[in-house]
Amino acid sequence: MRFRNFIAVFLLAALMLSTFSRQFIYAGFELNQKYISSTLCENRDKPELHCNGKCYLAKKLKQAEEKEKKQEQDGQKKSFQEHCILKTTVTLPALTYTQKRSASAEISSALPVRNTEVLVPPPTLFS
């Protein structure tokens, strides 16, 4: 029972991370704004711009948006493939193979009986 609860919480957290990714980026920016503005900001040498790390925030938001678009395109590709490739059903005609039996009388001899019947392969499907 605990394993099922763990899996449910894990899947819920993964869903929330993908859904609220922008909010997590904003929260991370607000919590670390001093570090970002002093270390990671592209305009840290230009204090007159009053960037305070917003360039870094914009870059991270753009990366998240591109990642979401890529995931959406991949999802569309997968759904297209599933619809067109996996959903198509191929029906093959039922192949029947009947064995012909010889009605000749058996001749008792010491030699093995040879079958002189010519076997014909079954018809091909794509001819």
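Judged by distance alone, the side chain of Arg22 and the main-chain N or O of Ala64 form no donor-acceptor pair under 3.5 Å. Remark: the backbone N or O of Lys34 is paired with a side-chain donor or acceptor of Ser37 at under 3.5 angstrom.
Every residue was checked against the side chain to side chain donor-acceptor pair (under 3.5 Å) condition with Ser38, not counting sequence neighbours, and none meets it. Residues satisfying the side-chain contact (heavy atoms from CB on, under 4.5 Å) test with Gln71, not counting sequence neighbours, are Lys67.
Here the straight-line distance linking atom CZ of Phe10 with atom CD1 of Ile7 works out to 7.5 Å at 0.5 Å rounding. Here the CG-NZ distance, from Leu40 to Lys60, works out to 8.5 Å after rounding to the nearest 0.5 Å. How far CD of Glu65 is from OG of Ser21: 10.0 Å, rounded to the nearest 0.5 Å. Here the straight-line distance linking atom NZ of Lys46 with atom SG of Cys41 works out to 10.0 Å at 0.5 Å rounding. Tyr35 contributes atom OH, which lies 14.0 Å from atom CZ of Phe29 (distance to the nearest 0.5 angstrom). We find the CZ-CD distance between Arg44 and Glu42 to be 9.0 Å, quoted to the nearest 0.5 Å.
Cluster annotation: Leu61 is not connected to Phe24 through the hydrophobic network of ILVMFWY side chains, with a link wherever side-chain heavy atoms come within less than 4.5 Å. Both Phe6 and Leu11 sit in one connected hydrophobic cluster of ILVMFWY residues. Membership requires side-chain heavy atoms under 4.5 Å apart, directly or through other members.
Other residues sharing the hydrophobic cluster of Leu49, ordered by chain and number and joined by side-chain separations under 4.5 Å: none, the residue standing alone.
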| request: Step by step, work out the salt bridge (Lys or Arg N to Asp or Glu O under 4.0 Å) result for Lys70 and Glu66. | output: CA-CA 6 Å; Lys70 186 176 185 298; Glu66 289 173 357; over 6 Å; no

